[in-house]
Amino acid sequence: MNRILLALVVLVFSVGGLRADQTNALPVLTLATAEQLALQNHPQIAAADFRVLAAQEAVKEARAGYYPTANFAVDAVGANDEGTRILAGGLNNPSVYDRAAGGVSVSQLITDFGHTANLAASSKFQAQAEGQNARATREQILLRVTVGYLSALQAQAVLQVAQQTFDNRQLLLDRVSVQASNKLKSELDVSFARVAVQEGKLLLQKAQSSADAAMFSLTADMGGREPKSYQLIEPAAVVVATNDVSQLVETALTDRPELLSLHNQNEAALRFAKSQRDARLPTIAAFGVAGVSPIHDDHLDNNYAVGGLQLTIPLFAGGLYTARQHEAELKSQADLELLRAAENDIVRDVHLAWLNVNNAVEQLKTTTDLVTNANDAYELAGARYKIGSSSIVELSQAQLALTSAQIAAASARYNLLIQQASLNYEVGALK
């Protein structure tokens, strides 16, 4: 019975400890989840989306010229004498009578010879440019999140190396201290081991600070304001294919949203220039007015209605339309030059990113071999120190070389992933 009770107590405490561990466990965060949170919460993405919606409303504003306009008006006029018939200014009516009237006026554009059509097309291209700008903003945020996520993993990997180094040096200090107390090692060995522990502690503190800073930066990149800690999941290995840089350049020149935005802005400027040219052409519109007048002069009817066509021909506006046309044409030429400059920058950036990826691949191979050799040297130095054929200085140097190699290997691994993400961004493939 006592054994059964003891087993139950152990089981209860075990379950309670397991639940406490589960409660205190950090939330799991994958790279895909981090990107999704950034797309949902980052204010720059929200601002870009609002600008797209505003640009779409501008398209509706330009297209409104195709539709009829209707206005309702109510007039109530009191004239003290018939002299108001020759009134100058004020009420725009050739004969002012006592009256109260209400009616509707309707106007419909028949043609303005392309002015409204080009304005609508210009606003449409401008809206498309804003859409590409929003896409560019999303890709920039995704790149920041990806780099931040991988940097946090890199900082955690370095922290693990620093923790392992500190533990190993502390273990060595404990062993040397015991051996020194037994007169098997000198106090000089203890002093060297103690210095190594303090150096390991400094390395651990620095690595911990870097890991905390990387996690805070990742939280900010996801659109968060308060720092949070997550359990990060190692992303899947990326197959790096970087043999044909010319194909990457062609893809970038085709898919980069910044270039597409400049193309759309150039088309918008050209269409706006055409609309200002067409503003000098005639405008034909239909007008109609109808209403009732319950209070009026006895000589007038209760109802009224009138309709007709109106031809408007601009004669002189002080050079306004011509100046606007030339302004839009010059802006279009400036956009073309900016587009050419952007293409040159993108070709350069793709080549640099491609070189960085290849360099990162070689660095990963080198650091992997370096860790293997440094580990062999450390084991050999440990064996030599154990049998007394070498000093603790040699062992400390081997341990320091191993730590540096492990940190370099961890940095090289995540640097390769970061450079690959940067190359995908430069190509326009970071979705």
Side-chain angles (χ1 to χ4, degrees), residues 26 28-35 38 139 142-168 200 202-219 221-222 229-243 245 248 349-379 398-427 429-431:
L26 295 176
V28 177
L29 181 68
T30 63
L31 179 57
T33 304
E35 293 174 345
E139 292 189 4
L142 288 178
L143 177 62
R144 286 170 53 181
V145 170
T146 302
V147 173
Y149 189 93
L150 295 174
S151 298
L153 280 173
Q154 181 182 22
Q156 291 180 356
V158 173
L159 178 60
Q160 291 177 359
V161 173
Q163 184 65 57
Q164 182 180 2
T165 300
F166 176 78
D167 294 340
N168 291 337
L202 290 175
L203 177 63
L204 180 60
Q205 292 172 346
K206 182 179 179 180
Q208 183 65 60
S209 177
S210 298
D212 294 339
M215 189 62 68
F216 179 69
S217 297
L218 175 60
T219 303
D221 292 335
M222 293 189 298
S229 297
Y230 298 96
Q231 179 183 352
L232 304 182
I233 304 300
E234 191 79 12
V238 179
V239 178
V240 181
T242 59
N243 294 327
V245 67
L248 297 177
D349 294 341
V350 170
H351 278 87
L352 292 178
W354 177 74
L355 291 174
N356 290 336
V357 169
N358 289 308
N359 183 45
V361 171
E362 296 301 322
Q363 286 185 350
L364 181 59
K365 295 178 181 179
T366 302
T367 54
T368 301
D369 296 337
L370 180 62
V371 169
T372 301
N373 296 328
N375 187 63
D376 293 341
Y378 175 68
E379 292 180 354
Q399 190 178 52
L400 178 61
L402 177 59
T403 300
S404 300
Q406 290 173 337
I407 292 176
S411 300
R413 166 175 169 74
Y414 293 105
N415 181 60
L416 173 58
L417 297 177
I418 290 173
Q419 296 302 330
Q420 181 64 39
S422 298
L423 178 60
N424 291 337
Y425 169 77
E426 297 297 341
V427 174
L430 191 62
K431 306 298 182 181

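Model, not experiment: these values are computed from the prediction.
Counting only heavy atoms from C-beta outward, the side chains of Leu31 and Ile233 never approach each other to under 4.5 Å. Contact annotation: the side chain of Leu232 approaches that of Met215 to within less than 4.5 Å [non-hydrogen atoms, C-beta and beyond]. Counting only heavy atoms from C-beta outward, the side chains of Pro235 and Leu150 approach each other to under 4.5 Å. A heavy-atom distance below 4.5 Å is not found between the side chains of Phe216 and Asp212. Considering only heavy atoms from C-beta on, Glu234 comes within 4.5 Å of Arg413 through its side chain.
To the nearest 0.5 angstrom, Leu204 atom CG is 11.0 Å from Ser209 atom OG. Taking CG from Leu248 and CD from Glu426, the interatomic distance works out to 11.0 Å, rounded to the nearest 0.5 Å. We find the CD-CG distance between Gln208 and Leu159 to be 5.0 Å, quoted to the nearest 0.5 Å. Distance check, rounded to the nearest 0.5 Å: CD of Glu139 to OH of Tyr425 gives 7.0 Å. Here Gln156 contributes atom CD and Gln231 contributes atom CD; the two are 9.0 Å apart, rounded to the nearest 0.5 Å.
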Candidate pair Ile407 and Leu203, rule side chain to side chain contact (heavy atoms under 4.5 Å, CB included), full reasoning
CA-CA 11 Å; Ile407 292 176; Leu203 177 63; 4.3 Å; yes
For Met222 and Leu29: C-alpha separation, side-chain torsions, deciding distance, then whether side chain to side chain contact (heavy atoms under 4.5 Å, CB included) applies.
CA-CA 11 Å; Met222 293 189 298; Leu29 181 68; 4.0 Å; yes
Verdict with reasoning, Thr403 to Val161, per side chain to side chain contact (heavy atoms under 4.5 Å, CB included)
CA-CA 7 Å; Thr403 300; Val161 173; 4.2 Å; yes
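Side-chain contact check for Gln399 and Thr165: no donor-acceptor pair (N or O, by modelled atom type) lies under 3.5 Å. Counted by atom type alone, Glu362 and Asn358 present zero donor-acceptor pairs between their side chains at under 3.5 Å.
The closest donor-acceptor contact from the side chain of Thr146 to the backbone of Leu142 lies under 3.5 Å. Side-chain atoms of Asn168 come within 3.5 Å of backbone atoms of Gln164 as a donor-acceptor pair (strictly under, hydrogens ignored).
Listed by chain and number, the residues in a side chain to side chain donor-acceptor pair (under 3.5 Å) with Ser411 are Gln154 (sequence neighbours excluded).
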